[in-house]
Amino acid sequence: MIGQPCNDLRPLQEILDRYPREEAALIQVLQDVQRAYNYLPSDAIEKVAEGLGVPLARVYSVATFYKAFTLTPRGKTLVKVCLGTACHIRGAKQLVEEVERVAGIKPGETTPDRSLTLETVNCVGACAMAPVVIVGAKYHGGVKTADIRTILGSAASLAK
Amino acid sequence: MRSGSVVEAALRWQQRLSEGGFWAMVTVTVDGRSVKVREQAYVLEACRLAGADVPTLCHHEAVEPYGACRLCMVEVTRPEWGGHTRMVASCLYPVEDGLIVHTATEKVLDVRRVVIDLLLARCPNTPLVRQMARKLGVEETSYEKAAEPTDCILCGLCTRVCDAIGPAAISAVNRGIGREIAPPFKEPPPACIGCLACAEICPTGHIKYQTSDTSRTIWGKTFEMLRCSRCGRAYVTREQAAFFERTRGIPASYMGLCDSCKRKVLADTAAQLCVTR
Amino acid sequence: MRIDSRAAFDAAVQAAKEKVTGRKRQVFVCCGTGCLANGSAAVAEAFAQQIAEKGLDVSLGLFLKRTGCHGFCQRGPLVVVQPEGVLYTRVRPLDVTEILDQTVANGHCVERLVYRDPSTKAPVPKYADIPFYANQTRVAMRNIGKVDPADIEDSLANGAYAGLVRALNDLSPDEVIAEVERAGLRGRGGAGFPTARKWRATAMAKGERKFVICNGDEGDPGAFKDRSILEGDPHSVIEGMVIGAYAVGAHEGFVYVRDEYPLAVVHLGVAIAQAREWGLLGKNILGTGFDFDIKVSRGGGAFVCGESSALMRSLEGKVGEPRAKYVHASERGLYDCPTVLNNVETWSDVSAILARGGDWFARWGTEKSKGTKAFSLVGKVKNTGLIELPMGMTLRRIIFDIGGGILKDRPFKAVQTGGPSGGCLPESCLDLPVDYEQLTAAGSMMGSGGMIVMDDRTCMVDVARYFLRFLVEESCGKCVPCREGLRQMLAIYDRILEGRGRPDDIGRIERLARGMKLGSLCELGKSAPNPVLSTLRYFRDEYVAHIERGECPAGMCRALTRYEIITEKCTGCHLCTRACPTGAIVGKPKQKHAIDQGKCISCGACYDVCRDDAIRFGGRGRPEVAAAAQ
Amino acid sequence: MERIFRVVVERCIACGKCELACAFAHGEQGVPGRSRIVIDRRGPNVGIPIVCLQCDDAACVAVCPVAALCRNELTGAIEVLAERCIRCKMCVAACPFGNMLWDSAYHRVAKCDLCGGEPRCVPFCPTHALEYVPADRAGATPEKVIADSTL
């Protein structure tokens, strides 16, 4: 079964009440659901389809198309390594490999203890400070391979 | 009406309707032959009327043109463009009066060869793709064959026809090379009514199903059939009949018997009315 | 405070100006995403705290202002002190007291915090003298770094909405379009379609419900000018959209902002609310009876949604799949109604054009490309950041005068413009004036203004692959040439960069590129081959080196590159050992070092730190050759 | 001139020639399709021909989700636009008289479309049970029609 139910739809109802019942609100609603639950629970997706009067298959299609949405819970801390052009030619690839080595996960995966998720993103618009790594809401610029361990800090149960 | 080919019959019928003044007509020149075609038509219909052989994969009269397979590309131009031509998808490009269409220039054939070559790499074992490739002169794909070959060419006909009928039970999921056709969460789709339109419209027969007079299974969902109360034969599922009753206002009483039993009832009525016998 | 007439507007502007003149001394702290990342929030906090403690705001008339991104992010956090006009770089909270005592209190300059010219190392205290800013002409970014985005009065004091007042009161919709036409404004999103022609088509299109859209998707990696405008001066965009709506007769507008720009969404939301409150947006704008409102729509994270028809699908809550544009959006766009869609920078230019007149804007630029263009100058260049220049300035001047030349003075190799739809231009194109026609002729594209500078340590074949991998991830997957073509093109490149290239690969790439360029449904697919074709056109020798000799001239392709230490030149400074991530360098300080080929992953970190040129790299040759040699 | 397809049940001798004519008229390369006219046989030489009544408010046209059944204004018949039909078989289920058939040989729905204005079954009917007469004489009694028939 792809996706996970969350069995607590109260927050979802509050989100739905804020939007008109039309397909145009779909992506904004899913954004709020992603922020509230840190992923898109399967039962929430069904409720959104009902709430907005959009076929479930179309909501599922939107949920899997856009990169902002995930169907499985993400880690408490989200680490994003920017792979924009400026960051790429300043060695972002090595940073991704270092995080893989240190946290033991590949891009798109979450550590077993669900403390950290690694993702790559294709440019966050801070190119003047390439290469950029974002840990949670904190942006880090000009990151070197050696800094990764310090940046991740307590966020992850780091492989020693 | 001896229909040489099904397509021709349909088009001649639409053409006759348009000559009847229902639609305004425009003149389009296809490969030197000028044809009159209704104003709302797309260039593909003009090509067909002019007898030009334009290949298509994701086109079907039942649904809106989609423009995904790019096989129907043609070159269009206008006298006032001074020789400049534009490469467009004929299934989507609206006809204009005085439009000049070339359906088999070297540039057009080259694009079609690249497209069918790419599809051959994706679906190396699909008969329809191999046959179309051979027709365009591509025997073997010049690219890397897919690790797990599939018959699905992602033409979207199945999802579009399902949307057109109404249930909208399946859709294209993921983005880019991970794109595939699937029901929500890859589970049996709750909205599916089992009408098999998706399997019927699929050009490569990729969507599998089983059906009998008792039950029908598709997308991993099993349906109970609506059986004739006399002879037990069935054509549609219960969900399908209920759906059409709800959306198209066809009373369930019309669907109680199969067609041959209904003809018998009609014959009985006619027999009672018969004057001399 | 609601403005419902021209007189009320003038009064409001007057009041706003008085408030500003009252501030004899001002401290501007940059709070754009870049500087925030470097900790400018803490710096602003420290300033606020100390100003309050020392009561400086009363005694000195001092005012602290959080502004948008000055564009010089790499040197952030940036602080500007007015009226002296001094720019301080890399300011930390503990420097605040010194700045307050020295510069604010008695006008002395804090030497160590001042910008130093990268080549001459001479201090350049004045904001206006720094070459990075001196050569710029800012139109779309006129208020960025000067106004507080969260305070509408600050924008009003700097001339905001003057263009709107003129448009609504003095000009008819056609005259507004004529003004934009006189300015010669063309779309700043990348294609350069004449804005006036687009507006006129929408104005004439039938349909009473029309839309105006601002495209803030800016998916091009390496471009962040839209972010800076949306974060730093949202009112210029709002004003532009209201003017556009008036010109085409639309009453509903959307700003589509990227999912990766959360701060822009916040600042835009605040600005829209204030604009409504002040009667500059929403019902009965400025008392002229014209209604127009704007909704902010957050993108879902898809580069393809930068394409106009995909963006409209996304606004409709659908999957971002482009539609064939055989019928233009000006006739059937959002919800099949006539729609005008322009880029953030274009809207910001519109508000300046209406305020200062079309001729004022047309003074800059070349014969066909008028006005100024914002670029994000990034990559291997000393001064990275946001610059806005008149069209027609040469690439050489941009990179070397404004950009301060190549990092560590390495040799220049290429500059990439236009993002994944653009191309890489070599040294021979450096004297090209930058405008739509010249860049397209050279095989690249203006695009959204990303300008990524590359030095000799960048492998052009790897750059082409980088864009292919980006596009494979971002392609919507609808049409065959793009979805399947990109996958196969990437497979060929992966082979080449592992030394398994075949002689006919270049021919196959060119044929596939032509098929994609002609066959794809939307601009993403049609322009996807541009990076490939431009690197093939200008750097074909690198492809030949990879394919035939299994060698990467830039030494960046790990599978093909072998690093060795030249023992006679090695001074034993031990720098390389520390830089090596896998501990592959053997040797004690002051002794000759050597690389253990077993552990070496050819990442090149040692080569980058070695100051004595004691490390060299060479091709490993094609795998079968290398295997035979072992 | 509007013509009506008239069935005079009394004359039918259930010889089945009309069924054969219809099957081959709608077949290709000699492979017969399914006959759109079906004789309900009730004893030797007694049959009732059942064929589509081309209803004005047709259930088949109403149920078709893709408008593949359209009335041909010239012949008055409802025709199947095979290009458009998605074979969901709803029309087969919905036709109250069972005159919408499933032709498994050609894997398509089959219905009487009056052969585009020249019904093939009429010339083969030995007893003129099937006629395609001008609309104004459709009501005439059978004998009168035979007297001045121009067939």
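A, B, ... follow the sequence lines: proteins, then strands. Residue 1 opens every chain.
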Worksheet, complete the sentence: Among C:Gly34, C:Gly76, C:Gly222, the residue with the most heavy-atom pairs under 4.5 Å to chain A is C:Gly222
Fill in: Charged N-O contact under 4.0 Å between A:Glu97 and C:Arg558
yes
Practice prompt. Check each atom of C:Val453 against the heavy atoms of chain A and say whether the ones under 4.5 Å are side chain, backbone, both or neither.
Written response: backbone
Worksheet, complete the sentence: Looking only at C:Met454, C:Gln416, C:Arg258, most heavy-atom pairs under 4.5 Å shared with chain A are made by C:Arg258
Fill in: Atom group of A:Val121 that falls short of 4.5 Å from chain C, counting heavy atoms
side chain
Fill in: side-chain contact (heavy atoms from CB on, under 4.5 Å) between A:Lys93 and C:Asp462, worked out
CA-CA 12 Å; A:Lys93 251 192 298 183; C:Asp462 176 59; 3.8 Å; yes
Worksheet item: Can you tell me how far CD of A:Gln28 sits from CZ of C:Arg298, rounded to the nearest 0.5 angstrom?
Response: 5.0 Å
Worksheet item: Counting N and O atoms only, with roles assigned by atom type, does the side chain of A:Arg90 sit under 3.5 Å from a partner on the main chain of C:Gly379, one being a donor and the other an acceptor?
Response: yes
Item to complete: Between chain A and each of C:Val463, C:Thr384, C:Leu407, C:Leu36, count heavy-atom pairs under 4.5 Å; write down the option with the most.
Response: C:Thr384
Worksheet item: In terms of heavy-atom pairs under 4.5 Å with chain C, which of A:Val62, A:Asn122, A:Val124 leads?
Response: A:Asn122
Worksheet item: So how far is it from C:Asn38 CG to A:His140 NE2, rounded to the nearest 0.5 Å?
Response: 10.5 Å
Discussion item. Assess the residue pair C:Phe467 and A:Thr85 against the criterion (side-chain contact (heavy atoms from CB on, under 4.5 Å)); give the C-alpha distance rounded to whole Å, side-chain angles, the decisive distance to 0.1 Å, and a yes or no.
Written reply: CA-CA 8 Å; C:Phe467 281 117; A:Thr85 328; 3.7 Å; yes
Response to the item:
Rounding to 0.5 Å, atoms SG (C:Cys305) and OH (A:Tyr66) come to a distance of 4.0 Å
Response to the item:
Answer key: most heavy-atom pairs under 4.5 Å with chain A among C:Gly299, C:Gly320, C:Ala302 is C:Gly320
Worksheet item: Checking C:Pro262 against chain A: side chain, backbone, both or neither under 4.5 Å from a heavy atom?
Response: side chain
Practice prompt. May I ask you to decide whether A:Lys67 forms a salt bridge with C:Glu474, counting only side-chain N to carboxylate O separations under 4.0 Å?
Written response: no
Worksheet item: Taking C:Thr33 for the side chain and A:Ala126 for the main chain, is one N or O donor matched with an acceptor at less than 3.5 Å?
Response: no
Worksheet item: Between CG of A:Leu26 and OG of C:Ser314, what distance do you get to the nearest 0.5 Å?
Response: 9.5 Å
Response to the item:
Of all heavy-atom pairs linking C:Tyr466 and A:Gly84, the shortest is OH-C, 3.0 Å
Practice prompt. Below 4.5 Å from any heavy atom of chain A, which atoms of C:Asp455 appear? Answer side chain, backbone, both or neither.
Written response: neither
Worksheet item: chain A heavy atoms under 4.5 Å from C:Phe72: which part of the residue, side chain, backbone, both or neither?
Response: neither
Practice prompt. Compare all side-chain heavy atoms of A:Phe65 with those of C:Val304 and state whether any distance is below 4.5 angstrom.
Written response: yes
Discussion item. Can you tell me how far apart CD (C:Glu260) and SG (A:Cys82) are? Round to the nearest 0.5 Å.
Written reply: 9.0 Å
Item to complete: Please flag which part of C:Ile452 lies under 4.5 Å from any non-hydrogen atom of chain A: side chain, backbone, both or neither.
Response: side chain
Discussion item. For the CD atom of A:Glu22 and the CD atom of C:Glu316, what is their distance to the nearest 0.5 Å?
Written reply: 11.0 Å
Fill in: Taking every non-hydrogen atom, the tightest pair across A:Ala24 and C:Tyr335
CB-OH, 2.9 Å
Worksheet item: C:Phe224 and A:Cys123: side-chain contact (heavy atoms from CB on, under 4.5 Å), yes or no, with the steps?
Response: CA-CA 9 Å; C:Phe224 58 102; A:Cys123 185; 6.0 Å; no
Item to complete: Run the numbers on A:Leu83 and C:Glu473 for side-chain contact (heavy atoms from CB on, under 4.5 Å), then give the verdict.
Response: CA-CA 12 Å; A:Leu83 288 182; C:Glu473 228 177 72; over 6 Å; no
Practice prompt. Identify which part of C:Lys318 has an atom lying under 4.5 Å from any heavy atom of chain A, answering side chain, backbone, both or neither.
Written response: both
Worksheet item: By a 4.5 Å heavy-atom criterion (distance strictly below it), what part of C:Ala223 contacts chain A: side chain, backbone, both, or neither?
Response: backbone
Practice prompt. Return yes when atom NZ of A:Lys138 has more than 12 non-hydrogen atoms of other residues, nucleotides or ligands closer than 6.0 Å, and no otherwise.
Written response: yes
Worksheet item: What residue in C:Gly385, C:Ser297, C:Ser376, C:Cys603 has the most heavy-atom pairs under 4.5 Å with chain A?
Response: C:Ser297
Discussion item. Report which part of A:Lys144 has an atom under 4.5 Å of a heavy atom belonging to chain C: side chain, backbone, both, or neither.
Written reply: neither
